[in-house]
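Here the structure is laid out as C-alpha cells; the discussion comes afterwards.
Along the sequence shown, residues are numbered consecutively beginning with 1. The figures that follow rest on heavy atoms only: side chains count, while hydrogens, waters and symmetry mates do not.
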Amino acid sequence: MRLVRIAWCVLLAVATPDACLPAAQDWGPAQFLVGHWIGEGSGQPGAGVGAFSFTPDLQGKVLMRRSFAEYPAAGGKAASRHDDLMVVYRDETTADLRAIYFDNEGHIIRYTGKASAGGVVFVSEGGPGEMRYRLTYTATGKDTLKLQFEVATPGKEFVSYLEAAARRGQ
C-alpha cells in the first residue's frame, strides 16, 4: 500500500508539483511573517545585524522561527552573537496562537500571540510578580517589517529593549 501511495505522489508531482505537499496552515495575523528576513537594529545590546526566518514545519502544524543577531565589539564589550528558536503553534482547544522561545543564553519564554495593528504581538505568559516580555512584528510594506522586543520587570511597565527593521530576503 505504501508503494502505491508513493507511486501516486510521483505521478501527481509530475502533473501538479504541490499535490503531495501538506495543506498550508492559516497563521492568521502571523501569516505575513512566513519567509526569510534580513534585519538591522539597535537597543541595549547595541547596534547589530541579523536575520530570521519563519518556516512551516511538521506538515504545516508549526512555524519555526530561527534567528540570529551579531553585535560588533564596542565600548569595551567583545563582539557577540545571539541565536534563538521560537516554535509558533495553535492551541488545540482555542486555536489561539501560542509560541515557545529558546535561546543560546538559556532563556525559555512562553507566549500568547494576538493580532495587533498591522501585525502580531506575542506577550509572555506569567503573573505580575514575574519578568514579562512582548515581541511585536508590524508590516511596514509588502516586503518590510519592524519588530520591537520589550521587557517589563515585576510591577513595572514594558520598556523597549530592542528595535529592528527587516526586509524580505531570499
Side-chain angles (χ1 to χ4, degrees), residues 24-72 74 77-140 144-169:
Q25 174 80 22
D26 176 11
W27 291 103
Q31 186 67 39
F32 78 100
L33 295 171
V34 174
H36 298 275
W37 298 88
I38 300 165
E40 291 184 357
S42 62
Q44 289 188 26
V49 296
F52 60 94
S53 62
F54 279 87
T55 56
D57 207 328
L58 299 177
Q59 299 181 17
K61 298 298 181 191
V62 299
L63 275 182
M64 301 289 286
R65 187 196 77 178
R66 297 183 192 284
S67 174
F68 78 90
E70 294 177 331
Y71 302 98
K77 290 184 180 179
S80 64
R81 179 177 165 118
H82 176 89
D83 292 283
D84 62 64
L85 169 71
M86 187 166 83
V87 180
V88 180
Y89 61 97
R90 293 250 182 218
D91 183 279
E92 64 183 283
T93 304
T94 65
D96 291 339
L97 286 179
R98 301 265 190 247
I100 186 165
Y101 165 96
F102 307 91
D103 69 20
N104 62 310
E105 299 171 25
H107 297 108
I108 299 172
I109 306 170
R110 288 172 174 71
Y111 289 105
T112 299
K114 298 208 182 298
S116 67
V120 62
V121 61
F122 292 95
V123 179
S124 66
E125 300 171 355
E130 299 175 344
M131 289 288 290
R132 295 176 299 135
Y133 306 94
R134 182 165 56 197
L135 178 59
T136 304
Y137 291 93
T138 306
T140 56
T144 58
L145 62 77
K146 70 175 184 173
L147 68 93
Q148 182 175 28
F149 180 65
E150 300 166 281
V151 177
T153 56
K156 302 287 184 178
E157 297 295 317
F158 283 106
V159 294
S160 184
Y161 183 78
L162 176 79
E163 293 185 29
R167 61 181 163 75
R168 198 172 294 276

Rounded to the nearest 0.5 Å, how far does [atom2] of [Y] lie from [atom1] of [X]?
X: Glu150; Y: Leu135; atom1: CD; atom2: CG; answer: 9.5 Å
X: Arg167; Y: Thr144; atom1: CZ; atom2: OG1; answer: 11.0 Å
X: Ile109; Y: Tyr101; atom1: CD1; atom2: OH; answer: 5.5 Å
X: Leu85; Y: Ile108; atom1: CG; atom2: CD1; answer: 11.0 Å
X: Leu145; Y: Arg168; atom1: CG; atom2: CZ; answer: 8.0 Å
X: Asp84; Y: Phe68; atom1: CG; atom2: CZ; answer: 11.0 Å

Note to self: Within a 6.0 Å radius of atom CD on Glu92, are there more than 12 heavy atoms belonging to other residues, nucleotides or ligands?
What the structure shows: no
Under 4.5 Å between any side-chain heavy atoms of [X] and [Y], yes or no?
X: Tyr111; Y: Tyr133; result: yes
X: Trp27; Y: Arg90; result: yes
X: Phe102; Y: His107; result: no
X: Arg132; Y: Phe158; result: yes

Return the minimal non-hydrogen interatomic distance between [X] and [Y], and the atom names on each side.
X: Ser116; Y: Thr136; value: OG-CG2, 4.3 Å
X: Asp103; Y: His82; value: OD2-CE1, 3.3 Å
X: Pro154; Y: Gly129; value: CG-O, 3.5 Å
X: Leu63; Y: Pro56; value: CD2-N, 3.7 Å
X: Leu97; Y: Pro29; value: CD1-CG, 4.0 Å
X: Met131; Y: Thr153; value: SD-CA, 3.6 Å

Next item on the list: Indicate the ring-plane relationship of Tyr137 and Phe52, choosing parallel, tilted or perpendicular according to the 30° and 60° boundaries.
Entry: tilted
Next item on the list: For Arg65 and Val88, run side-chain contact (heavy atoms from CB on, under 4.5 Å): C-alpha distance rounded to whole Å, both residues' side-chain angles, the deciding distance at 0.1 Å, then the answer.
Entry: CA-CA 8 Å; Arg65 187 196 77 178; Val88 180; 5.6 Å; no
Next item on the list: Scan Arg110, Arg98, Met86, Lys114 and name whichever one has a side-chain contact (heavy atoms from CB on, under 4.5 Å) with Phe122.
Entry: Met86
Next item on the list: Step by step, work out the side-chain contact (heavy atoms from CB on, under 4.5 Å) result for Thr55 and His36.
Entry: CA-CA 8 Å; Thr55 56; His36 298 275; 4.1 Å; yes
Checklist line | Check: Asp96 main-chain N/O paired with Thr94 side-chain donor or acceptor under 3.5 Å | finding: yes
Next item on the list: Please confirm whether the backbone N or O of Asn104 pairs with a side-chain atom of Asp83, one donor and one acceptor, at under 3.5 Å?
Entry: no
